[in-house]
Structures are given as structure tokens and as C-alpha cells.
Amino acid sequence: MSIVVSALKEEQPHEKRVAIDPDVTKRLIKAGMKVLIEKGAGVASYYNDESYQKAGAEVVDRQTALSQANVVAVINLPSDETLNALKSGQVLLGLLSSLIKPEKMQQLADKKVSALSFELLPRTISRAQTMDVLSSQSSVAGYKAALVASDAYSKYFPMMITAAGTVKPAKVLVLGTGVAGLQAIGTAKRLGAIISGYDVRPASKGEVESLGATFLTSSVSNGAGSGGYARALTAEETAAQQKELAGFIADNDVIITTAQVPGHKPPLMVTQESVDNAKPGTVFVDLAASDLGGNVSGSKPDETVTTDNQVMIIGGNNLASELSNSASQLYAKNVQSVINAMVDKDGNLAIDPKDDVFSGLTATTNGEIINPRLREALKLDPLPTDEPAKDETDEKADQSAESKGAE
Ligand code: NAD
């Protein structure tokens, strides 16, 4: 029996992406699978139902997409109503906000639904790179952030020398130069702005400079944490950082912020005082805007705020979705890569919780919470490992040596 994969129409009002595009539909079908697409799922990404049908998918109602699939692919964590409709043995794959809402993963575990949550992917394993939704979507968001900023800014980005006079280039500051920040720098650079980048990870200096931007060295002594991410700063370091950034912010026209620290709320880098002191016409785009707060004081998710001093603060939390077609194309490839890795040699779906990628990516399978960070969030004891404890190994080695000696 062939594996059935479905993609649902997203439920969030701001979401325009879809988890499977027609190209990946074709690839999955070529690999022997059946694809079900909920009616209208791709419309906001400019993939109509006919394009999926042409690719070989069946366009179905939500109930069918939910009940007949072995793997249900989504962008965001679905509503409770949708989660409740899932059955034992099905796999749910998406950006499931598993660490923010661990109780939903427990709910799925109780139903023996397997949940694979892209936020949990161990990104530094090279085999996982084709599955890395955080990178593919951050890259799209960083690109779009530069475009949104240039659109909102009331002057040119490039220098313009005209018969009517010369216009100076815009000065753009990018705070947080990971995947999104570097893409924002590259894009703003192509638009002709003068760019500087800032990060607490010293390793990002070379990456920023290779794009032709100036790296502003942070006074924070090595803010690198584990896995290539930043660490959370202490209260003293945060205050010092906010102070050192105040001068840079006042000197720039456009500030794009992307700073995140895994497992923590986004660091506040631009204080209310810095917003108050910004020049009229300054544009902030805060990719970290969230209900918990963002990198910029006063930023609101999915909203643009204009302050009394004529500063615009754009909540850019959902910018990948604004480039819905390309973002969905890349996301779908990440989904396909995970599905391929789940198919065993007999062509059946199998999640190996001991595999180095799936032990991270899997929130739950077979009724058990697998991911160690999620187990911690749910206050569950760590799962026992297969490796015998060191003293046990030593004991066996000793016994074996003894028995060899007796021979
Ligand atoms: P992220 O989204 O967690 O954070 C964005 C940026 O904000 C990071 O560069 C981080 O250092 C920075 N930041 C956090 N707190 C800050 C603060 N207080 N002040 C200034 N900057 C702050 O990170 P990301 O973009 O997902 O990636 C982070 C790193 O991981 C990058 O170096 C990236 O290249 C690396 N990465 C590696 C792989 C891989 O090995 N395959 C995959 C993905 C990412």
C-alpha cells in the first residue's frame, strides 16, 4: 500500500504559505506516494488546485485530507479541532511550536500521533540541512525585510547623482547577523545602501565583511552559545549592549533586527529611548516581533506602528509568508526531504527515534515524548539510553578479562 501524504490549508489569518507545492507533489508521486491537497490550500501562494491536479494530486476536502493521510504536512501548529481529528499512527509534520506549546505535543502523544516539529531539528548535522526549515524561511524573511524597509523608507536606498542634485545613500544597520540578517545585508547592499552589521557571535564578523558591510564589534565578550547560536546575555551585558547600540541606531536610517536566542524570548536591543531619539523617517523592521516582545521596544507582531516622532516600527515576524510562493517552494523541499528519510527499505514509513536527526526532530512517536528538550519542558525524566553506564561496561570488561584469564 502506498504512503499517502496530505497538505492542509493553513488556519492562521496571516499565513499565506502551503506545506507542499506542485513540484514536490510530482516528486512524491514519482517516489510511489499518493498526495492529497486540501481544496484551496495553495491559493495564497499562487498554486491553484488545477496545478496540483496536473502534478498528479487529488484535491480533497479537509476531512479527507486529515483522515486518509499517513503524513499530514502543515506550516503552523493546527487548531485543537484539527489536532483532535488526527488518529493513532498518523504523522504530523510542520513548525509545530513544540517548545512554546509542549502540552499540545503531549496531547498528540496521548493519541499515539507522531509529531515532527521543524524547530527541533538538529541543524548542524549535515544530513539535516535539506530539512532545515528555519534556515530556508529565515533566508526568505531576511530578503523580504530589506525590501519592506526600502519600500517604507521615504528616501532612496542607493546614492543618486542627478541633474537636480545628489541624494545620499541610506544607512542600514542589521542587528543579529545569522541566516536572516546576512540575507537582509546582501539584499540591502544590492539596493545600494551603506550597510553595517552587529552580532554578539564573533564568528559572524567575517561573514558580514564578506558581503561588503562593516561589522560593528560588540563589547559583549564572546556571546556565542552552543550549536552556532548566541547565548542569553546577562542583565548587565544587555544594559551595556543597549547603551552601545543607542549611538549606532541614531546614526542610521533603517534598522533591521533579527536577534533570537533559542529557548528564550527575543533580546531587547532597541530601547524606548533609542526609538525616541531616532531621526524622523527612521524605519525599524523587527523580525523577532512576538507576543512576548521583540528586539525593538514597541514592536507588535503583524503590525506597523508609527510613533509620535515619525518613526515607523514594522512587526516583521511573518515576512517569509509574504513571499509565499518562494517560501512554500523551499518549505516543500524541506518536507520532502524529511518524508524521504522516513521511508524504510521496504517502502514503509518508519521513524527511528535513535537516529541522530529523528531523535531531535521527533517531538513524539509511539505515544512517547522523544526530544530531550521537550521532555525537559514537560518535566519528564530523560529517556534511558542504550549505552550501558560506564561502570557497567567496566564490570563486563573485567568479567571478560577474568574469564579469558581462566581459560
Ligand atoms: P537565530 O535566528 O537564533 O539568531 C539570529 C542572530 O541573532 C544570530 O546570529 C545570533 O547570534 C544573533 N543574536 C542573538 N542574540 C543577540 C544579541 N543579544 N545581540 C546581537 N545578536 C544577537 O540564528 P540563526 O540565524 O538561525 O543561526 C545562527 C547561527 O547558526 C549562524 O551562524 C548560522 O550560520 C548557524 N547555522 C548553522 C547551520 C548548519 O551548520 N547547518 C544551520 C543553521 C544555522
Side-chain angles (χ1 to χ4, degrees), residues 95 99-100 118-145 173-186 196-211 213 215-246 248-249 255-271 274 284-290 292-297 316-320 330 334 337 356-357 360-361 373:
L95 281 164
L99 291 169
I100 299 170
F118 279 120
E119 297 94 339
L120 301 174
L121 184 79
R123 298 166 76 196
T124 48
I125 297 175
S126 58
R127 203 159 57 84
Q129 282 175 15
T130 54
M131 309 174 190
D132 190 353
V133 155
L134 292 186
S135 285
S136 71
Q137 304 303 297
S138 289
S139 179
V140 174
Y143 166 81
K144 189 69 179 175
L173 170 63
V174 177
L175 302 179
T177 51
V179 178
L182 291 174
Q183 195 56 247
I185 290 177
S196 35
Y198 171 98
D199 203 294
V200 285
R201 287 181 302 106
S204 65
K205 181 178 192 296
E207 293 166 336
V208 168
E209 288 175 347
S210 72
L211 293 171
F215 187 73
L216 304 173
T217 304
S218 167
S219 64
V220 174
S221 75
N222 197 1
S226 58
Y229 292 108
R231 63 173 170 83
L233 304 186
T234 63
E236 292 74 36
E237 286 173 326
T238 300
Q241 176 177 78
Q242 290 168 348
K243 208 167 154 200
E244 78 183 348
L245 284 176
F248 297 138
I249 292 160
I255 295 95
I256 297 172
T257 67
T258 77
Q260 298 277 4
V261 178
H264 293 265
K265 71 178 202 150
L268 181 69
M269 304 170 85
V270 180
T271 59
S274 287
F284 291 93
V285 181
D286 186 0
L287 266 64
S290 75
L292 302 172
N295 295 149
V296 181
S297 175
N317 50 301
N318 214 8
L319 286 183
L330 302 176
N334 298 139
S337 187
D356 53 358
V357 171
L361 178 65
R373 281 152 74 201

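Counting starts at 1 for both ligands and their atoms, following the listed order. Source: prediction; values computed, not measured.
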Enquirer: With a 4.0 Å heavy-atom cut-off, what residues sit around ligand 1?
Expert: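 Contacting ligand 1 under 4.0 Å are Arg123, Thr124, Gln129, Asp132, Ser135, Gly176, Thr177, Gly178, Val179, Tyr198, Asp199, Val200, Arg201, Gly228, Tyr229, Ala230, Leu233, Gln241, Thr258, Ala259, Gln260, Val261, Pro267, Met269.
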Enquirer: Might you point out which heavy atoms bring Leu319 and Lys144 nearest each other, and give the distance in Å?
Expert: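 Looking at all heavy atoms of both residues, the shortest contact is O-CG, 3.9 Å.
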Enquirer: May I ask you to say whether Arg373 pairs ionically with Glu119, meaning some side-chain N is under 4.0 Å from a carboxylate O?
Expert: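 Answer for the salt bridge query: no.
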Enquirer: Within the distance-only criterion (no hydrogens, no angle test), does the side chain of Asn222 pair as donor or acceptor with the backbone N or O of Arg201 below 3.5 angstrom?
Expert: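 No.
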Enquirer: Do Leu175 and Gln241 make a side-chain contact, defined as non-hydrogen atoms from C-beta onward lying under 4.5 Å apart?
Expert: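 SC-SC contact between Leu175 and Gln241 ruled out.
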Enquirer: Donor-acceptor pair, Ser136 side chain versus Val133 backbone, under 3.5 Å?
Expert: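 At least one qualifying donor-acceptor pair exists.
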Enquirer: Donor-acceptor check, side chain of Gln183 to backbone of Ser138, threshold 3.5 angstrom: yes or no?
Expert: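 No: the side chain of Gln183 does not pair with the backbone of Ser138.
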